[in-house]
Amino acid sequence: MTARVASWLPLSPGERAVAIEVLTHGPLSRSDIARRLDLSAGSLTRLTKPLIESGLLIEVPEGAALPEVRQGRPSRPLDIVAESRTFAGFKITQGMVYGVVTTLKSDIVARRDLPLTSHDPAHVVDVLGELTDTFARDFPGLAGIGIGLGGRASDRSVVDESAFLGWRDVPLARLVEERTGLPAVVDNDVSALVEAERWFGAGRGLERFAVLTIGAGVGYGLVSGGRRVGTAEDGLGVGRAWIVNPNGPLTPDGERGSAVSLLGIPSIRYQIRAATGRDFSYEEILALAAEGEPMAARVIGEAARALGTLIAQISNFAMPQKIVLAGEGVGLVDVAGPDIEAAILANRHPQAEPVNLETKVSDFHDWARGGAVLAIQVLVLGAGAA
């Protein structure tokens, strides 16, 4: 197919720094930008002029609200033109590819999903390509693609290992680029979600926060000093080795008392199925627990206590300003909130500050949005993990 190459004015390191500052903290006055980046007024003018001329930045009209109020002659703040570029973001699960299109500020403007009938890399790439083709018809200025999936990735291009797909050393970014003609990046899905919260979500402007996800598994990410803490263990699945209750339930894999065995949706469903002989969805189990059905209430109660224990442990050791709880399993909070809170208090010092916990009701499109944020960071602003 004909390659669609993203056209974006190349940014110098100084221009990139200004663009990122406005994108992640704006709108900002010129004096704010100069102070944050330690620039002179003349240097800032030189750097912002091409950004405004290229359509990346815009002067906000007089009277627009600013984060801070100052004395003296008001200046016209600068902001990112969110609609100047769009990005495709994807989340690959075992049976589906979830896709979104976002603006430069990561606002979702389109959604589309397709099933996976095979985990063969060629098939997955074809599905990603079909979704991208559909998006490109409605958004011809599509600038790039970001992909998140459960597993380990190196250089934001190669899937080193993905257990649920059965992949090793798959150059997914290159394959997608060849199929679509668009630049692509790929990373662990939790890492992508953390980046989305860091730049545009609940962690925006915070120096230190954590993200805990519950769903098919348990994921964890930490931001310290305003940067995501990346390690060689990213994508290994910390929840399987994170022992919360050594006397807890067994999973089909023989794990006892790990975070995954207590909190993972497949494990919760397995426990109920083993006890009742019936197959219930996660939502049905939560509803049964809320109604007081004994078996469901016991399993959900154990999950709630495990979640509270994890939140307390993160607070005790990472000391974050905020913990963001996300994932398709967060309905647990609505059903068993008091049990979660009791477990947090039981595992914290009596004089410790209350945990700043923010629960985000999310679905797989929020994970796909994380992929789009990777594209924004790497492909447009060249930020890498900045």
(message) Count I, L, V, M, F, W, Y as connected when their side-chain heavy atoms are under 4.5 Å apart, and connections chain through other members. Are Val81 and Leu57 then in the same cluster?
(response) no

(request) Would you confirm whether Asn347, through its side chain, and Ala343, through its main-chain N or O, come within 3.5 Å as a donor-acceptor pair? (result) yes

(request) Could you tell me the separation between the CZ atom of Arg111 and the OG1 atom of Thr102, rounded to the nearest 0.5 Å? (result) 11.0 Å

(request) State which residue, out of Leu165, Val158, Val125, Val185, fulfils the side-chain contact (heavy atoms from CB on, under 4.5 Å) condition with Leu172. (result) Val125

(message) With no hydrogens and no angle check, just 3.5 Å: does a side-chain donor-acceptor pair link Glu195 and Gln377?
(response) yes

(request) Calculate, to the nearest 0.5 Å, the distance between atoms OG and CD belonging to Ser261 and Gln271 respectively. (result) 7.0 Å

(message) The criterion is salt bridge (charged side-chain N to carboxylate O under 4.0 Å, His left out); which residues satisfy it with Glu358, sequence neighbours excluded?
(response) Lys322

(message) With a 4.0 Å cut-off on N to O distance, would you call Lys91 and Asp113 a salt bridge?
(response) no

(message) Please enumerate all residues that pass salt bridge (charged side-chain N to carboxylate O under 4.0 Å, His left out) together with Glu341, with sequence neighbours excluded.
(response) none

(request) Calculate, to the nearest 0.5 Å, the distance between atoms CD1 and CD1 belonging to Ile268 and Ile300 respectively. (result) 4.5 Å

(request) Answer yes or no: is there a donor N or O on one side and an acceptor on the other, between the side chain of Glu21 and the main chain of Arg36, under 3.5 Å? (result) no

(request) Find the distance between CG (Asp279) and CZ (Arg269) and round it off to the nearest 0.5 Å. (result) 4.5 Å

(request) Verify, without hydrogens or angle tests, whether Asn188 (side chain) and Gly151 (backbone) share a donor-acceptor contact under 3.5 angstrom. (result) yes

(message) If hydrophobic clusters are built from ILVMFWY residues whose side chains come within less than 4.5 Å, do Phe135 and Val100 share one?
(response) no

(message) Using the side-chain contact (heavy atoms from CB on, under 4.5 Å) definition, which of the options Val186, Asp187, Val97 pairs with Leu149?
(response) Val186

(request) Give, for atom CD1 of Ile80 and atom CG of Leu56, the distance between the pair rounded to the nearest 0.5 Å. (result) 4.0 Å

(request) Give me the other members of the hydrophobic cluster that Tyr98 sits in, counting Ile, Leu, Val, Met, Phe, Trp and Tyr linked by side-chain heavy atoms under 4.5 Å, directly or via other members. (result) Met96, Val190, Leu193, Val194, Leu206, Phe209, Val211, Val223, Val324, Phe364, Trp367

(message) Please tell me whether Leu332 and Leu345 are part of a single hydrophobic cluster in this structure, the criterion being side-chain heavy atoms less than 4.5 Å apart.
(response) no

(request) Quick one: list whatever passes side chain to side chain donor-acceptor pair (under 3.5 Å) with Glu177, sequence neighbours left out. (result) none

(message) Grouping I, L, V, M, F, W and Y whenever their side-chain heavy atoms are under 4.5 Å apart, do Trp199 and Ile108 come out in a common cluster?
(response) no

(message) Between Asp366 and Lys360, does any side-chain N to carboxylate O distance fall below 4.0 Å?
(response) no

(message) Nearest 0.5 angstrom please: Ile243 CD1 to Ser258 OG, how far?
(response) 5.5 Å

(message) If hydrophobic clusters are built from ILVMFWY residues whose side chains come within less than 4.5 Å, do Leu28 and Ile58 share one?
(response) no

(request) Could you tell me whether a side-chain N or O of Arg16 sits under 3.5 Å from a main-chain N or O of Leu11, the two making a donor and an acceptor? (result) yes

(request) Just jot down the salt bridge (charged side-chain N to carboxylate O under 4.0 Å, His left out) partners of Arg112, sequence neighbours excluded, or say none. (result) none

(request) Verify, without hydrogens or angle tests, whether Glu293 (side chain) and Met295 (backbone) share a donor-acceptor contact under 3.5 angstrom. (result) yes

(request) Apply salt bridge (charged side-chain N to carboxylate O under 4.0 Å, His left out) to Lys49 and list each qualifying residue two or more places apart in sequence or on a separate chain. (result) none

(request) Identify which one of Ile344, Leu310, Ile314 satisfies the side-chain contact (heavy atoms from CB on, under 4.5 Å) criterion when paired with Ile323. (result) Ile314

(message) Could you check whether Asn316 and His349, counting side-chain N and O atoms only, form a donor-acceptor pair closer than 3.5 Å?
(response) no

(message) Could you check whether any side-chain heavy atom of His365 comes within less than 4.5 Å of a side-chain heavy atom of Arg369, counting everything from C-beta outward?
(response) no

